[in-house]
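Notes follow the structure.
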Amino acid sequence: MITITRYRSIYYTFSGLLVGASIVLLLVYGLKFGIDFTGGSLLEGRYEGGEIAKEEIQKAIEKAGAEDVSIQRTEGSIFIARFKDVDAAKYDAMKKELTALGASQTPSRAFTELSFESIGPSVGEELKKNTFYAILLVLLLIGGYVAYAFRKVSHPIRSWNYSAATLLTLFHDIIIPIGVFAFLGHYRGVEVNVPFVAAILTVLGYSVHDTIIVFDRIRENLMKMRGATFENVIDTSLRQTALRSLNTSLTVLLVLVAIYVAGGEGIRYFALTLLIGIGAGTYSSIFVASPLLYTSQQWIAGRKAKKGLT
Amino acid sequence: MRRFTVWLLVIVIISLFAGFFDYPDFWNKGADTINQKFDRLDAWALSKPRIEKGYKALRIDRVAIPHMPVKPYSLGLDLQGGAHLAYEADLSQIPERERLEAMAGLRDVIERRVNLFGVAEPVVQTSEVGGRHRLLVELAGITDVNQAIRMIGETPYLEFKELKPEIAGMTAETTFMDFVPTGLTGQYLERSDLSFDPNSGKPVINLQFNEEGAKLFETLTEKNVGKPLAIFLDGLPMSWPIVQGKISGGQAVITGDFLVPEARQIVRNLNSGALPVPIKLVAQKNVEASIGAQALDQSVRAGALAFLVVAIFMIAWYRLPGLLAVIALLMYTALTLALFKLIPVTLTLAGIAGFVLSVGMAVDANILIFARMREEFRSGKSFAAAVREGGSRAWPSIRDSNITSLLTCVVLYFFTTSVVRGFALTLAIGVIVSMFTAIYTSRLLLQLFVGTRVERWGWLWYR
């Protein structure tokens with residue numbers, strides 16, 4: 001007989017470590033914010049027929065009047081240049097300089113601009129604010145909906161306990177990918193942009209998916225198995241739903257792996273965020289959310305007992 | 001025929017149509033081939049030997065299979081290449097209640113300018129976020145972004161022109177080339193508004209010039225009595241009322257057969273020409289076309305791979321129900337893609353990711369139903385009952401979990417920018433359609449087998 005609730009301290013410790021590590025990483029390294037958040041410009045260009053030294057490219061760009069220039073090379077002859085926000089005139093001058101640089105090489109190399117992005121600082125600030133509120137709103141909505149969906153179950157724990165457990169689990173589910181990206185940001189220079197935010201919000205929406213499947217079963221069994229202990233009900237429900245829950249997530253994870261492997265540079269990290277988040281979500285629905293229900297019941301019973309004694 | 005079989009047939013046919021709509025090439029090529037055969041058949045029927053024998057023409061040529069309309073997918077910038085520009089408008093000089101009007105006027109002017117670029121389907125939108133008024137311009141497939149920025153950046157130009165001195169009056173052949181600038185431009189116009197003639201009830205446009213403008217206007221009207229004084233905006237003539245007499249005081253009225261919306265538009269344009277709202281470029285993103293095409297390619301490949309993987313998994317794990325789920329999934333894909341074309345939804349890179357994700361989630365609901373069904377079956381219920389119970393018992397879970405996903409999509413849609421919005425929209429549409437196909441098609445497919453011999457072949461149904 002699989003009893004999950006009994007060994008909950010193991011799962012709590014494991015999750016606690018992951019969450020703790022993620023928080024530490026976040027505090028120490030912070031996330032590497034891309035230009036969507038910080039503002040600035042990003043120019044992606046290519047020289048036909050071979051590479052040109054980074055320093056030369058940097059000089060050409062600085063000649064046009066850009067500040068805080070940094071050059072990075074991606075695959076092949078493509079480079080990415082980052083610098084402070086520039087206006088149209090400087091952008092024009094920059095392109096001329098870069099084309100001239102290519103022409104001055106022997107043999108002369110043609111310069112193609114692949115993409116150019118420029119975001120003013122006010123837009124970035126606004127985005128940070130909006131993101132924060134968006135995440136808050138989603139958490140609120142989900143918490144509210146869970147409390148509403150489970151309003152008919154008030155024994156042995158009230159419906160808002162289900163909400164609380166869900167929210168704690170969700171926090172666990174998003175802090176881990178954030179921690180991973182703090183790590184990746186510092187050691188690999190991976191940036192965090194708007195798609196990352198979208199991925200986090202999606203993880204929120206999807207992770208609760210899983211959790212609800214289990215809670216749903218618990219609700220049903222609470223009504224069916226009158227007289228059984230809460231622990232028993234939880235374990236039975238988990239046994240009945242764990243496989244299904246895993247299968248459900250498995251298809252999504254498979255899809256994400258496909259995207260990560262076959263998709264382009266743009267979506268790769270987006271898929272990775274989703275992978276980590278949904279993976280954590282699946283694990284947490286089974287090993288964290290349900291035991292939390294049991295813990296909260298214990299806690300409430302303990303408080304009642306203390307009140308009874310005094 | 002049992003009632004649900006009819007429904008199933010309807011859904012299958014709609015899905016087939018959707019599928020062909022998604023990729024019309026197949027249908028159209030097939031239709032062409034068949035139509036050709038009809039033509040040949042009819043030509044044979046009309047050939048001489050047959051007519052001599054007294055046969056009448058078959059008239060099959062009247063029958064022709066129509067083509068499926070070819071509507072391209074609406075692709076976002078990151079898949080097509082192009083430019084996205086965001087301007088912030090400085091409305092500090094404009095009183096509160098006129099701000100929306102000012103932004104609308106600004107939008108119109110810029111849209112007119114943007115249309116001159118020859119870009120297919122340019123997008124010009126106003127947006128208000130937290131008190132800041134923005135103007136968003138999307139130009140797909142444009143090559144010289146800087147020129148676009150330059151042209152957009154300039155303030156709208158309003159000027160009054162008169163007929164060349166040698167031309168006596170307006171005739172049917174008069175073109176706007178016959179007009180010359182007078183020096184009276186938008187900078188002299190203080191205000192313009194709309195009012196209604198008390199007698200005829202028709203809309204009239206009032207103009208109020210400033211001091212200098214009033215003087216200029218007086219001179220002009222004196223010179224051009226009986227001749228038209230044309231109003232040009234951004235180089236295009238808007239109206240050319242005939243001057244009735246000298247006008248002093250700088251107040252003028254333009255009458256004519258305007259419809260109210262037309263007159264409002266002109267007033268808006270005049271005001272925007274007179275009070276240009278200063279705009280500043282705050283964000284831009286340009287993507288070169290080849291990058292876009294490459295991204296699209298990769299996404300499609302990822303999507304196909306994802307579908308394959310899910311299909312294999314479903315069949316391997318759930319056997320026959322898995323196969324049915326895959327069929328339902330195919331229908332789901334066809335319907336969703338058709339919806340994307342019809343609405344239309346602009347597909348961005350993230351948007352396609354959202355769609356692919358929803359494919360994975362669409363299978364969810366199926367799995368829930370099957371697992372339930374299996375449980376009921378094992379607990380001793382008959383096949384028919386298991387199918388029925390499986391569906392209804394699983395519904396609360398499906399509903400709850402999909403609603404939370406939808407809630408997230410709603411938040412995403414309203415709080416973020418175009419790229420992520422595409423993701424939210426495609427995911428939301430995907431979730432809604434998947435709820436429909438999972439509930440209706442999967443169960444219907446399963447019910448096909450109720451009461452047949454197949455239901456007794458246990459190995460097909462569970463491991």
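Computed over heavy atoms, backbone and side chain alike; hydrogens, waters and symmetry mates excluded. Remember, predicted model here, so these are calculated numbers, not experimental data. The chains referred to below are lettered A, B, ... by the order of the sequence lines, with proteins before strands, and numbering in each begins at 1.
In this structure, the portion of B:Ile403 lying under 4.5 Å from any heavy atom of chain A is its side chain and not its backbone. A:Leu256 touches chain B through its side chain: at least one heavy atom from C-beta onward sits under 4.5 Å away, while N, CA, C and O do not. At a 4.5 Å heavy-atom cutoff, the contact between A:Thr112 and chain B is made by side-chain atoms alone. In this structure, the portion of A:Leu250 lying under 4.5 Å from any heavy atom of chain B is its side chain and not its backbone. No part of B:Leu406 comes within reach of chain A, as not one of its non-hydrogen atoms sits under 4.5 angstrom from that chain. Of the atoms belonging to A:Phe215, not a single heavy atom falls under 4.5 Å from chain B.
Side chains of B:Leu427 and A:Thr202 form a contact here, defined as non-hydrogen atoms less than 4.5 Å apart. Residues B:Gln284 and A:Phe116 are in side-chain contact: their nearest non-hydrogen atoms beyond the backbone lie under 4.5 Å apart. Proximity of B:Val310 to A:Val255: side-chain heavy atoms (C-beta onward) are separated by under 4.5 Å at one or more points.
Listed here is the closest heavy atom pair of A:Ala134 and B:Val411: O-CG1, 3.6 Å. The minimum heavy-atom distance linking A:Leu201 with B:Thr408 is given by the pair O-CG2, 2.8 Å.
When the candidates B:Gly303, B:Ala306, B:Ser358, B:Ala83 are compared by the number of heavy-atom contacts under 4.5 Å with chain A, B:Ala306 comes out ahead. Taking chain B as the reference chain and counting heavy-atom pairs below 4.5 Å, the highest number among A:Leu253, A:Leu254, A:Ile135 is found for A:Leu254. Ranked by heavy-atom pairs under 4.5 Å with chain B, the first of A:Thr211, A:Thr241, A:Val138 is A:Val138. Interface summary for chain B: among A:Ala199, A:Ser118, A:Ala271, A:Ser115, the most heavy-atom pairs under 4.5 angstrom belong to A:Ser118.
Separation of atoms CG (B:Leu329) and OG1 (A:Thr251) is listed at 9.5 Å; rounding is to 0.5 Å. Taking CD1 of A:Ile119 as the start and NZ of B:Lys285 as the end, the distance is 7.5 Å to the nearest 0.5 Å.
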